[in-house]
S.K.: 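To start, I am sharing the structure in question, which I have written as structure tokens.
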Amino acid sequence: MKPLRFACIVGARPNFMKMAPLLRALDSYENVEAVLVHTGQHYDKNLSDVFFEQLEMRRPDVTLEVGSGSHAVQTARVLERFEAVLVEAAEAGRPFDRLVVVGDVNSTMATTLAAAKLHVPVAHVEAGLRSFDRTMPEEINRIVTDAIADLLLVSEPDGMENLRREGHPEEHLRLVGNVMIDTLRFMLPKARQCDTLAQVGVEPGQYGVVTLHRPANVDSPDTLGPLLDVLADVSERLPIVFPIHPRTQERIKRFGLAKKLGAARNVILTDPLGYLEFLALTSQAKVIVTDSGGLQEESTVLGIPCLTARPNTERPITVEQGTSTLVSNDASMLRSLLDDVLGGRYKQGTCPELWDGRAAERIAQALVEGS
Ligand code: UD1
């Protein structure tokens, strides 16, 4: 029997931890050929290469090297270059039976569009999440991807409801759980062996971790400045480890905020960290402050308080059931919730169903059966 040929897409940092377990699961099927395509949306060593090494992921079979650019430029480059890959495969007599995309980055949406136009069916892992905030580029990517994918693999029950409301037929939907949590569970023992805490100079349970990279938080000094002030203040009581995304690094410099942050003795700034080093830090933190989608989920599973610097979330289960609270970019709310955490008054959460480390197996089975 001819093997099923899947094109599996990664582009930016949060894609790698979702695709790694999925590739492992697909590679265990004899009749599946999973071709890994890296669009090159993220290209720095510490936003890309290090994840391949640490997640024990094989190297991409195809690279598109699209690099950075405006949304339109980045999307257009992926469209053009990925269409060529699809056409070439078809002309060589080895067409793809299916595209497999994860998450909500520009590469997810652009490759989906290219495939759908060439009648290659698309499976979307992490489908159905909605923030209902169309000012977020990721929300546009989610809506477009789900609208044209025909196999929608969903991580939490709200996602199923959103897709039903949008009129997707039931046979397109599968509640499979959270594949990023597969990676967390797989990697946690290894992460715990890293000496990251000692290297950074913090003690288990006695520091906070901060990540901020969304345009809504970092692109204006009026928003970023007050957030950084709170972090500098709280660092007098709790050291803060802050791995900085390149966008945020650039903005801090441009807005003249570097001096203020540098003056706070207990704010420890680092470059973006590898997966293992970062998990070593988050899993032993007292509190996490973030605007990342994935980190809301990871902190819920780790049982660590997560103050989410966003006005909304496409992952409501992390607030309703997990350890996350939305603080928007409200500096005084952030300050007061940090006080609650330090005073032992913060809520405890529970782990959502199917975030059990076996989502990739369920997804692989759905892909094989549905292709
Ligand atoms: C992208 C995703 C976002 C995800 C984030 C994780 C979209 C719309 N956004 O945002 O959902 O949470 O990745 O990090 O797809 N840069 C580098 N090195 C790199 C890549 C980028 O320095 O390897 C810098 C460039 O200056 C670039 C900027 O970061 O302009 C933003 O990169 P981009 O890929 O456009 O979006 P992210 O903010 O990383």
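Whatever order the structure lists ligands and atoms in, that order sets their numbers, starting from 1.
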S.K.: Any idea which atoms of ligand 1 are less than 4.0 Å away from a heavy-atom of Asp44?
M.R.: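 In order of number, 17 (C), 18 (N), 19 (C), 22 (O), 23 (O).
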S.K.: Please list, in number order, the atoms of ligand 1 under 4.0 Å from a heavy atom of Gln74.
M.R.: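 Listed by number with element: 34 (O), 35 (O).
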S.K.: Distance under 4.0 Å to a non-hydrogen atom of Arg247: what atoms of ligand 1 satisfy this?
M.R.: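 Counting atoms of ligand 1 from 1, those under 4.0 Å from Arg247 are 31 (C), 38 (O).
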S.K.: When you measure from atom 28 (C) of ligand 1 to the protein, is at least one non-hydrogen atom found at a distance under 4.0 Å?
M.R.: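 For atom 28 (C) of ligand 1 the answer is no, since every protein heavy atom stays at 4.0 Å or beyond.
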S.K.: According to side-chain contact (heavy atoms from CB on, under 4.5 Å), who are the partners of Thr323, at least two apart in sequence or on a separate chain?
M.R.: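 Partners of Thr323 under the side-chain contact (heavy atoms from CB on, under 4.5 Å) test: Ser299, Thr300, Cys306.
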S.K.: Considering only protein heavy atoms, which is closest to atom 14 (O) of ligand 1, and at what distance to one decimal place?
M.R.: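 In this structure, atom 14 (O) of ligand 1 has His42 CE1, 3.2 Å as its nearest protein heavy atom.
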S.K.: In the protein, which heavy atom is nearest to atom 4 (C) of ligand 1, and how far is it?
M.R.: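 Result for atom 4 (C) of ligand 1: His213 NE2, 3.8 Å.
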S.K.: Is there a donor-acceptor contact under 3.5 Å linking the side chains of Glu277 and Gln54?
M.R.: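 Short answer, yes.
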S.K.: May I ask you to list the atoms of ligand 1 that are less than 4.0 angstrom from any heavy atom of Leu47?
M.R.: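 Checking each atom against Leu47, I get 18 (N), 19 (C), 20 (C), 23 (O).
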S.K.: Is there at least one pair of N or O atoms, one from Arg214 and one from ligand 1, spaced under 3.5 Å apart?
M.R.: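 In fact, backbone or side chain, Arg214 has no N or O that close.
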S.K.: Does Val218 reach the side chain of Phe255, with side-chain heavy atoms less than 4.5 Å apart?
M.R.: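 Not touching, per the 4.5 Å side-chain cut-off.
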S.K.: Is the shortest distance from a heavy atom of His71 to ligand 1 less than 4.0 Å?
M.R.: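 A heavy atom of His71 does come that close to ligand 1.
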S.K.: Evaluate the side-chain proximity of Glu126 to Val179: yes if any heavy-atom separation is below 4.5 Å, no if none is.
M.R.: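 They are not in contact (no side-chain heavy atoms under 4.5 Å apart), so the answer is no.
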S.K.: Run through Arg77, His71, Glu138 and flag the one making a side chain to side chain donor-acceptor pair (under 3.5 Å) with Asn106.
M.R.: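 Of all the options given, the one that passes is His71.
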S.K.: Return yes if a side-chain donor-acceptor contact under 3.5 Å exists between Thr135 and Asp133, otherwise no.
M.R.: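 There is such a pair (donor and acceptor under 3.5 Å, judged by atom type) between the side chains of Thr135 and Asp133.
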